[in-house]
Amino acid sequence: VQLQASGGGLVQTGDSLRLSCAASGRIFSSTVMGWFRQAPGMEREFVAARWRSGTAVYADSVKGRFTISRDTAKTTVYLQMNSLKPDDTAVYYCAADSSRGTVVAGTSRYWGQGTQVTVSS
């Protein structure tokens, strides 16, 4: 499985961005996909994940502002980020695996290369 993240950039507080993560290889509709982020000097943290059923889970820090979705072919996952804040500045990584727990725990086997999001105040 290969994951390719894109869509990052430099925005101002309150702006929106949409990140994309395109998957290739042995991706199935049952594959769980999610997003993590890592700010400078900080550990990587969970942002959002989406199950096959369509259920989405979010970190408290992004609830109500970020939305994770997946295309009908189940090969691309998106992260719509609204009302961005400087605290959202980080490198964002997508992740995929067959287990919900693995993805949420940050121990996925498959990771994208990361895309930088910078929010200026």
Please report the interatomic distance [atom1]([X]) to [atom2]([Y]), rounded to the nearest 0.5 Å.
X: S108; Y: Y93; atom1: OG; atom2: OH; answer: 14.0 Å
X: Y110; Y: T102; atom1: OH; atom2: OG1; answer: 11.0 Å
X: Q2; Y: R26; atom1: CD; atom2: CZ; answer: 12.0 Å
X: N82; Y: T67; atom1: CG; atom2: OG1; answer: 6.5 Å
X: W35; Y: M81; atom1: CH2; atom2: CE; answer: 8.0 Å
X: R50; Y: I68; atom1: CZ; atom2: CD1; answer: 7.5 Å

Ring-face cation contact, W111 with R44, 6.0 Å cut, 45° max: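 Cation-pi check for R44 and W111: passes.
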Distance only, no hydrogens: is a donor on one side chain within 3.5 Å (strictly under) of an acceptor on the other, for [X] and [Y]?
X: S6; Y: Q4; result: no
X: S120; Y: Q12; result: no
X: Y78; Y: R18; result: no

Looking only at non-hydrogen atoms, find the nearest pair between [X] and [Y] and report the distance.
X: A90; Y: R37; value: CB-CB, 3.8 Å
X: V77; Y: M33; value: CG1-CE, 3.7 Å
X: Y92; Y: V47; value: CE2-CG2, 4.4 Å
X: R109; Y: S98; value: NH2-OG, 3.5 Å
X: A49; Y: V104; value: CB-CG2, 4.5 Å
X: A23; Y: L3; value: CB-CD2, 3.5 Å

Within-4.5 Å side-chain heavy-atom neighbours: R70 and T75: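 SC-SC contact between R70 and T75 ruled out.
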Test item: L19 and T115 side chains (from C-beta on) under 4.5 Å apart, heavy atoms: yes
From L10, L79, L84, residue fulfilling side chain to side chain contact (heavy atoms under 4.5 Å, CB included) relative to L17: L84
SB check D88 K85 (cutoff 4.0 Å):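 Not counted as a salt bridge, because no side-chain N and carboxylate O are separated by less than 4.0 Å.
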Q38 atom CD: more than 12 heavy-atom contacts under 6.0 Å: yes
Cluster link V103 to V91, ILVMFWY, side chain under 4.5 Å: yes
ILVMFWY cluster, Y58 and V119 together (side-chain gap under 4.5 Å):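 Y58 and V119: one cluster.
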Centroid-centroid under 6.0 Å between F36 and F46 rings: yes
